[in-house]
K.L.:
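I'd like to ask you about the structure that follows.
Predicted, not measured: the structure shown is a model, and the values here were computed from it.
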Amino acid sequence: MLDAASWAGRLGGDKFLARMYHRSYAHIPGAADTAGLFSWDDLNRIIATQRLEPPRLRLSVDGEMVPLHRYAIPTTNRRAVTWSRIQPSDFHAQLRDGASLVLDAVEKIHPAVGAAAEGLARFLGTSVQANVYASWTEREGFGRHWDDHDVMVVQLHGSKRWRLWGMTREAPTFRDLESPEEPEGGPVADLVLSPGDMLYLPRGWWHAVTADQGTESLHLTFGTVAHTGADLMLWVVDQLRASLALRRDIPRFGSLTEQADFTDALRREVADMMGDPRLVERWAESIDTTDLGHAIPSLPYVDGLPARGEITVKLTAPRGRLTANPAEGTVTFSAAGTAWDFAESAAPALGTLLTNQPTTLGEMADSAGLEVKDVAEVVSVFIDGHAVAVVGTAL
């Protein structure tokens, strides 16, 4: 299972974060246990049972998306709802002729991949999307290109060749003023990934990928959301919205002196906040405790949880915080954009939720020496706050 601890162990933990993350590629042969993660059977089932339209499911060859009508036909039911139905023979023909298959956001529809994406998100402190890629030939599905996000590749089946070039523009972004230039010369690395191999690639690194080893290839790519200085500045502005200097109207029609005084006031406010040596820590705590994660309903319990120790619950926000308040004799549980205060005695029970692993109400009660009914009341509050969901109903 690729939970946060497993990702850390396979990638190298703090050593990876200090030396490789955002800096250089890392090839980790045989690091991933892919058993039960994702298979050809899973891919066939999803394509057959889900209504997937481009770009969620797409075929690409030589950097161009294959038109949908070449491998699917429109289908309309009796209620006039239309979707595209894959035609297996045409679908196979496109793949046989060199197209690559892409399935986006598979973590939304496959529990094992969803758990792996959640674990990586906890380890790296950022949101993660998982895409499936399948190829059969040496033709490049996407040509040589770069991504505006870091990627973590897990090879599932067969082999895939990755040729890597470094960045030609440092830290390029999706909304950038300039585009990176094509790299010159040969690749800095020419790798073949086999089942269980992992590859980390920072954003901006050029790469070309082919299934040229004589076997079909299936791999997962976990893409992370980049957090840049621009994002930090947007967060700083949000924190300063209570300031009078930021609330005042811009003196567009004022004198140059009035305009200068206005911008000076803004500069002082921003400079004071940017001077805080713990600013990045404050930002990290904020994004950790406000990330909504993937909201999950807790059916059939629509009116609070019954006091049943077998009911299994789980934190649905990827990260949360538990803060002690010794002077008040309380602890604050923060997740999914809300903070709740509880007596110190609840801390052990709340701590079990922060592991992001499923736990029963009974286990939570035992950890804190509380009654199951008391824990059920607390968890019901979290469910209403979209931070926790029932994942085992015990009906």
K.L.:
Suppose we screen for ring-ring contact (aromatic ring centres under 6.0 Å, His included). Which residues come up paired with F262, at least two apart in sequence or across chains?
P.N.:
none
K.L.:
Can a donor-acceptor pair be found, under 3.5 Å and without considering hydrogens, that links the side chain of Q129 to the backbone of D104?
P.N.:
no
K.L.:
Taking the inter-plane angle between the rings of W7 and F222 on a 0 to 90° scale, is it parallel (under 30°), tilted (30 to 60°) or perpendicular (over 60°)?
P.N.:
perpendicular
K.L.:
Are any non-hydrogen side-chain atoms of V378 and L350 less than 4.5 angstrom apart?
P.N.:
yes
K.L.:
How are the rings of F342 and F382 set relative to one another: parallel (under 30°), tilted (30 to 60°) or perpendicular (over 60°)?
P.N.:
perpendicular
K.L.:
Identify all side-chain donor-acceptor contacts of residues 119-128 below 3.5 Å with residues at least two apart in sequence or on another chain.
P.N.:
| unit_1 | atom_1 | unit_2 | atom_2 | d |
| --- | --- | --- | --- | --- |
| R122 | NH1 | P318 | O | 3.2 |
| R122 | NH1 | L354 | O | 3.4 |
| R122 | NH1 | N356 | OD1 | 2.5 |
| R122 | NH2 | L354 | O | 3.3 |
| T126 | OG1 | V225 | O | 2.6 |
| T126 | OG1 | H227 | NE2 | 3.1 |

K.L.:
Under 3.5 Å, side chain of T290 to main-chain N/O of G337, donor-acceptor pair present?
P.N.:
no
K.L.:
Name all pairs fulfilling the salt bridge (charged side-chain N to carboxylate O under 4.0 Å, His left out) condition that reach into residues 88-101, sequence neighbours left out, sorted by first residue then second.
P.N.:
none
K.L.:
Less than 4.5 Å apart, side chain to side chain, heavy atoms only: is that true for L279 and M274?
P.N.:
yes
K.L.:
Do you know the tightest heavy-atom contact between R203 and D150?
P.N.:
N-OD1, 2.8 Å
K.L.:
Above 12 or not: heavy atoms from other molecules or residues under 6.0 Å from CZ of R247?
P.N.:
yes
K.L.:
Do the side chains of H145 and E140 get nearer than 4.5 Å, heavy atoms only?
P.N.:
no
K.L.:
By the rule that ILVMFWY residues connect when side-chain heavy atoms come within less than 4.5 angstrom, directly or transitively, which residues belong alongside V153?
P.N.:
Y25, V151, W162, L164, M167, V188, L191, L193, L199, L201, W205, V209
K.L.:
Is the number of heavy atoms from other residues, nucleotides or ligands under 6.0 Å of L244 CG greater than 12?
P.N.:
yes
K.L.:
Scan the side chains in residues 34-41 for donor-acceptor partners under 3.5 Å anywhere in the protein, sequence neighbours excluded, and list what turns up.
P.N.:
| unit_1 | atom_1 | unit_2 | atom_2 | d |
| --- | --- | --- | --- | --- |
| S39 | OG | D41 | N | 3.3 |
| S39 | OG | D42 | N | 3.2 |
| S39 | OG | D42 | OD2 | 3.2 |

K.L.:
Should the heavy atoms of other residues, nucleotides or ligands under 6.0 Å from CG of L256 be counted, would the total exceed 12?
P.N.:
no
K.L.:
More than 12 foreign heavy atoms under 6.0 Å from CD of Q87: is that the case here?
P.N.:
yes
K.L.:
So, the side chain of N325 versus the backbone of E328: is there a donor-acceptor pair under 3.5 Å, distance only?
P.N.:
no
K.L.:
Return the orientation label for the F91 and Y71 ring planes: parallel under 30°, perpendicular over 60°, tilted otherwise.
P.N.:
tilted
K.L.:
What distance separates S194 OG from Q155 CD, expressed to the nearest 0.5 Å?
P.N.:
7.5 Å
K.L.:
Which atom pairs, one a donor and one an acceptor, fall under 3.5 Å between side chains of residues 366-377 and the rest of the protein, sequence neighbours left out?
P.N.:
| unit_1 | atom_1 | unit_2 | atom_2 | d |
| --- | --- | --- | --- | --- |
| S367 | OG | M364 | O | 2.7 |

